[in-house]
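This one's a predicted model, so the numbers in the text were calculated from it and none came from an experiment.
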Amino acid sequence: MRTDLFGAVLKDFADHFEMGPKKRVILAVDRAGWHISNKLDVPEGVHLFPLPSYSPELQPAERLWPLVNEVHSLQAFDSILEVE
């Protein structure tokens, strides 16, 4: 990921949901460099709320990382039923 790409995603999100002075959203983000960069262009109406450092318990996706180390991570499946 890169700061400019994350900025483009935020802009697309803000445009899609018509964010602005009268419609706002707070997005919780981790402290990845592209989330907290001074070069990040955050659209009006979007407010980023950085989670505390070293707090994986606040980021539900962190629980998925151990699964990457499992044997199934190197296989391709045709359906979610096969994965299950």
Quiz item: Among all residues two or more places apart in sequence or in another chain, which pass the side chain to side chain contact (heavy atoms under 4.5 Å, CB included) test with K22?
Solution: none
Self-check item: Nearest heavy atoms of L40 and W34, plus distance in Å
Solution: CD2-O, 3.7 Å
Quiz item: Partners of D12 by salt bridge (Lys or Arg N to Asp or Glu O under 4.0 Å), sequence neighbours excluded?
Solution: none
Quiz prompt | Other ILVMFWY residues reachable from I26 by side-chain steps of under 4.5 Å | solution = F49
Quiz prompt | All salt bridge (Lys or Arg N to Asp or Glu O under 4.0 Å) counterparts of D15, not counting sequence neighbours | solution = K11
Quiz item: Once you round to the nearest 0.5 Å, how far does CD1 of I36 lie from CG of L51?
Solution: 11.0 Å
Quiz prompt | T3 to G33 - nearest heavy-atom pair and separation | solution = OG1-O, 4.3 Å
Quiz prompt | Atom CD of E18: over 12 foreign heavy atoms under 6.0 Å | solution = no
Exercise. Could I get the full list of side chain to side chain contact (heavy atoms under 4.5 Å, CB included) partners for D41, not counting sequence neighbours?
Key: none
Exercise. Kindly write out the residues that satisfy salt bridge (Lys or Arg N to Asp or Glu O under 4.0 Å) with R2, not counting sequence neighbours, or none if the list is empty.
Key: D4
Quiz item: Who are the side chain to side chain contact (heavy atoms under 4.5 Å, CB included) partners of S53, not counting sequence neighbours?
Solution: R31
Quiz prompt | Distance in Å, L48 CG paired with D30 CG, rounded so as to fall on 0.5 Å steps | solution = 11.0 Å
Quiz item: Among all residues two or more places apart in sequence or in another chain, which pass the side chain to side chain contact (heavy atoms under 4.5 Å, CB included) test with K23?
Solution: M19
